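A short worksheet on the structure shown next.
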Amino acid sequence: QVQLVESGGGLVQTGGSLRLSCAASGRFLSSYTMAWFRQAPGKEREFVAAITGSAGATRYADSVKDRFTIARDNAKNTVTLQMNSLKPEDTAVYYCTARNSPLTSTLGNLYEHWGQGTQVTVSS
């Protein structure tokens, strides 16, 4: 059983930074691809960033490229999302997800495990 718990959300002003963390529990997680998705009120869920297990290859949505950085520590079973230069349009609930695959995907339905989410609010 894989469990994911997010932390680090909050309220920040435009241009500020936040660092989200995801603590994962379960076996063989180092082989899982991990990702962050987000969902704003009234909008569909969207892909943010992903990182593969062993190789640590990353993938980003165009909207966050060069502002967000995803990283993982397999020894600690944690995944982080460093978010810089935040904009009001980044306001959403952010979800940590895991996929038992060496490949990234932007499709949420391909990720088997989801955390409960953490709220990020960027004020203008």
Side-chain angles (χ1 to χ4, degrees):
Q1 183 75 11
V2 174
Q3 291 187 324
L4 306 172
V5 179
E6 304 96 336
S7 61
L11 173 65
V12 65
Q13 291 186 332
T14 297
S17 298
L18 278 176
R19 183 183 178 91
L20 304 183
S21 293
C22 174
S25 61
R27 298 179 66 188
F28 311 122
L29 286 174
S30 61
S31 65
Y32 279 53
T33 288
M34 307 294 291
W36 290 90
F37 283 75
R38 67 186 182 186
Q39 187 165 22
K43 295 187 177 181
E44 292 188 354
R45 181 179 63 193
E46 64 173 350
F47 169 79
V48 176
I51 186 167
T52 61
S54 56
T58 58
R59 185 176 186 178
Y60 295 92
D62 287 343
S63 60
V64 307
K65 202 172 294 183
D66 298 326
R67 298 190 299 123
F68 290 11
T69 302
I70 189 171
R72 67 189 296 162
D73 184 334
N74 287 334
K76 296 182 179 179
N77 274 351
T78 58
V79 178
T80 58
L81 185 69
Q82 178 66 43
M83 305 185 296
N84 298 328
S85 302
L86 283 162
K87 305 174 181 180
E89 51 264 43
D90 294 318
T91 295
V93 177
Y94 283 70
Y95 297 92
C96 176
T97 68
R99 179 185 188 208
N100 188 5
S101 168
L103 302 176
T104 63
S105 175
T106 62
L107 301 176
N109 60 0
L110 295 184
Y111 290 82
E112 301 98 345
H113 308 284
W114 290 75
Q116 291 188 325
T118 185
Q119 176 71 46
V120 171
T121 303
V122 184
S123 64
S124 57

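A quick note: this is a predicted structure, and the numbers were derived from the prediction, not measured. All values below come from the heavy atoms of this structure, side chains included, with hydrogens, waters and symmetry mates left out.
Between Tyr95 and Phe37, the gap from one ring centroid to the other reaches at least 6.0 Å.
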Requested in this report: Apply side-chain contact (heavy atoms from CB on, under 4.5 Å) to Ser21 and Glu6, showing your working.
Outcome: CA-CA 6 Å; Ser21 293; Glu6 304 96 336; over 6 Å; no
Query - Chi angles and distances behind the salt bridge (charged side-chain N to carboxylate O under 4.0 Å, His left out) call for Arg99, Glu112 - result: CA-CA 6 Å; Arg99 179 185 188 208; Glu112 301 98 345; 5.7 Å; no
Query raised in the report: Which is it for Phe68 and Val48 under the side-chain contact (heavy atoms from CB on, under 4.5 Å) test, yes or no, and what are the steps along the way?
Result: CA-CA 9 Å; Phe68 290 11; Val48 176; 3.8 Å; yes
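Shown here is Asn109, whose CG atom has more than 12 heavy atoms of other residues, nucleotides or ligands within 6.0 Å.
The only option from Arg38, Gln39, Gln119 that meets the side-chain hydrogen bond (donor to acceptor under 3.5 Å, both in side chains) definition with Tyr94 turns out to be Arg38. Looking at Leu20, Thr91, Leu81, Leu11 one by one, the single match for side chain to side chain contact (heavy atoms under 4.5 Å, CB included) with Val120 turns out to be Leu20. Here the rule is side-chain hydrogen bond (donor to acceptor under 3.5 Å, both in side chains) with Arg59, and of Thr52, Thr106, Thr104 only Thr104 fits it.
In this structure, NZ on Lys43 lies 8.0 Å from CD on Glu89, to the nearest 0.5 angstrom. Note: Leu110 CG to Thr97 OG1 = 10.0 Å, rounded to the nearest 0.5 Å. One distance of note links OG of Ser30 with CG of Asn74; it measures 5.0 Å at 0.5 Å rounding.
By the rule that hydrophobic residues join a cluster once side-chain heavy atoms approach within less than 4.5 Å of another member, Val93 and Trp36 end up as members of separate clusters. There is no path of hydrophobic side-chain contacts, each under 4.5 Å, that joins Ile51 to Tyr111.
Of all the heavy atoms in Ala92 and Ala40, the pair that sits closest is CB-N, 3.8 Å. When all heavy atoms are compared, the tightest approach of Ser31 to Asn100 is OG-OD1, 4.5 Å. Of all heavy-atom pairs between Thr33 and Leu103, the closest is OG1-O, 3.4 Å. Nearest heavy-atom pair across Leu86 and Arg67 is CA-NH1, 3.9 Å. Summarising the geometry of Leu107 relative to Ser105, their closest heavy-atom pair is N-OG, 3.0 Å, with the distance given to 0.1 Å. The shortest heavy-atom contact between Phe47 and Ala35 is CE1-CB, 4.5 Å.
Remark: side-chain polar atoms of Tyr60 are paired, donor with acceptor, to backbone N or O of Ile70 under 3.5 angstrom. Under a 3.5 Å cut-off, the side chain of Gln13 and the backbone N or O of Ser123 do not form any donor-acceptor pair.
The side-chain hydrogen bond (donor to acceptor under 3.5 Å, both in side chains) contacts involving residues 75-88 comprise Ser17-Asn84, Arg19-Gln82, Gln82-Asn84, where partners must be two or more places apart or lie in separate chains.
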